[in-house]
Amino acid sequence: MDGRTHTVDVNPGETVTVAGWVHEVRDLGGIAFLILRDTTGKIQIVFKEDEMDADLVGTGLGVARESVITVTGDAEEHSNAPGGVEVTPESVEVLAESDTELPLDPSGKVDADLSTRLDNRTLDLRKEEVKAIFEIRAEVLRSVREAFYDLGSTEINTPKIVATGTEGGTELFPITYFGEEAFMNQSPQLFKQLMVGSGLERVFEIGPIFRAEEHNTPRHLNEATMIDFESAFFDHTEAMDACEHVVRNAYDGVAANCQRELELLGLEDAFEVPDEAFPRLTYQEAIERINATGELDEQLVWGDDLPTEGERALGDDVGSHYFITDWPSEIKPFYIKDHDGDADLSTGFDMMHPVMELVSGGQREHRYDHLVTGFEQQGLDPDQFDYYTKMFKYGMPPHAGWGLGVERLVMTMLGLENIREAVLFPRDRQRLSP
RNA sequence: GCCCGGGUGGUGUAGUGGCCCAUCAUACGACCCUGUCACGGUCGUGACGCGGGUUCAAAUCCCGCCUCGGGCGCCA
């Protein structure tokens with residue numbers, strides 16, 4: 001739109017054209033105020049019955065909330081105007097009228113349930129604190145990419161329609177691919193590994209994953225966005241270093257570039273960039289510390305998965321991001337390498353936020369024979385994964401990597417109560433639309 | 001997959017057998033109001049998820065269905 005001025009850029013003394021949504025109309029009788037909102041903020045338009053054209057006043061005050069209008073007029077300083085500046089209109093044009101009854105209230109006077117908000121996400125995102133979450137999410141992704149470039153990695157994109165899953169099992173969405181059985185990919189795991197053996201060596205991908213688990217919790221999605229990293233000639237400790245770098249960079253980026261958004265969310269004081277290195281606890285230490293908290297009815301023993309309650313108890317105890325390393329091989333996937341000389345101890349690691357798991361990674365099994373044996377031990381048919389395993393016969397370097405859930409990163413960073421708040425259009429057990 | 005708890009005007013809620021032709025806020029409509037900033041004031045419109053049952057009487061109790069949310073398992 002030619003000559004449009006954003007509300008944030010309106011200066012007294014100028015003739016401006018502003019465009020946006022009718023946030024509110026306050027009609028005091030002889031004088032009335034229309035608050036116009038755009039992506040940068042709000043500005044007051046003042047209407048005076050005695051001094052202005054009746055049609056102009058009629059148009060300005062007759063328009064329903066959330067209609068889209070454009071206003072041209074003189075911007076003037078006024079001590080009583082919000083922000084100190086207001087526009088006296090010469091013309092008002094209604095570009096798009098809104099129905100008067102709104103499915104939710106973008107001015108935020110009345111709360112709406114998350115489900116109502118998600119059904120009307122466009123209106124929901126007119127609220128600046130909701131918009132702030134997605135501005136921050138975008139900054140997280142920008143900073144994460146920057147961190148990956150620092151690490152000398154190359155961004156890749158791998159297929160989301162696949163013939164086989166990553167680990168087999170039942171958690172895949174089946175689809176029909178020209179009459180053949182296919183699936184939505186649950187992880188770029190196998191593809192990114194194939195790329196560390198290519199000339200690229202160090203890669204990352206930010207993309208969707210699909211999981212058909214019928215869980216119903218505030219921390220699971222059936223379509224999520226994963227940040228995946230994989231590097232040749234890295235062991236699991238170097239992969240953890242990279243993970244720490246990326247996560248800290250995301251926090252740094254938000255701290256540096258999203259102060260306004262953090263204020264809108266009331267987090268300007270609570271938001272903290274993790275400053276220390278993330279503690280690295282072994283699995284053994286983790287279960288001992290959980291047991292020592294006394295929060296669990298039954299003591300954990302070697303080989304147990306960490307129950308949600310245990311994770312939370314440990315998170316409270318540690319109080320910051322931390323790694324859990326050296327998991328029992330039996331509860332980590334087949335493509336994670338065991339420690340040399342101890343087949344029961346894996347190089348797999350998880351990176352935890354005090355309230356939940358954010359990252360899962362490890363050094364990978366790069367030896368062809370061990371890999372094929374691993375498939376068989378998981379009850380999978382190695383022949384089905386031939387496209388993957390055969391590349392391990394032609395010089396697959398030792399390598400390590402991890403995957404980080406974007407929504408969980410944003411959720412924990414901002415203290416959101418429900419992961420769906422960190423996705424524009426979440427896909428969950430009961431939501432397929434919009 | 002197992003388990004638990006909800007569904008009341010557009011939105012968010014109060015109401016646990018008769019006090020309810022249902023409360024409050026906001027929105028919406030009408031009127032009043034010349035500096036509001038969640039403007040204020042007066043009046044008004046508007047709802048018990050669906051189906052069946054119990055009872056003299058059901059928003060309220062029971063059953064089924066639909067739907068939403070949560071806990072566990074598992075995971076990012």
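Values below: all heavy atoms of this structure, side chains included; hydrogens, waters and symmetry mates excluded. The chains referred to below are lettered A, B, ... by the order of the sequence lines, with proteins before strands, and numbering in each begins at 1.
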### Message
Under 4.0 Å, heavy atoms only, any strand: does A:T225 hit a base, just the sugar-phosphate, or nothing?
### Response
nothing
Out of B:rU36, B:rG69, B:rA76, minimum distance to the side chain of A:H215 belongs to B:rA76
Pairs under 3.5 Å (Watson-Crick or G-U), crossing ones as [ ], inter-strand ones as |: RNA chain B comes out as (((((((..(((.....[.....))).(((((.......)))))....(((((..]....))))))))))))....
_Once you measure the plane-to-plane angle for A:Y283 and A:W327, does it fall in the parallel (<30°), tilted (30-60°) or perpendicular (>60°) bin?_
tilted
*What does A:A112 touch in the nucleic acid at a heavy-atom separation under 4.0 angstrom: a base, only the sugar-phosphate, or nothing?*
sugar-phosphate
Within residues 25-33 of chain A, those residues having any heavy atom closer than 4.0 Å to RNA chain B are A:R26, A:D27, A:L28, A:G29, A:G30, A:I31, A:F33
Test side chain to side chain contact (heavy atoms under 4.5 Å, CB included), reference A:V94, set A:V68, A:I69, A:V22, output is A:I69
Just checking, any donor-acceptor pair under 3.5 angstrom between side chains of A:R202 and A:S153? no
*Under 4.0 Å between a side-chain N or O of A:T217 and OP1 or OP2 of B:rG70?*
no
Sorted by number, residues from residues 272-296 of chain A placing a heavy atom under 4.0 Å from RNA chain B are none
Is the distance from OP1 or OP2 of B:rC72 to the nearest side-chain N or O of A:R312 less than 4.0 Å?
yes
Among B:rG71, B:rC74, B:rU26, the one nearest any side-chain atom of A:D105 is B:rU26
Separation of B:rC28 atom C1' from A:D99 atom CG, nearest Å, is 12 Å
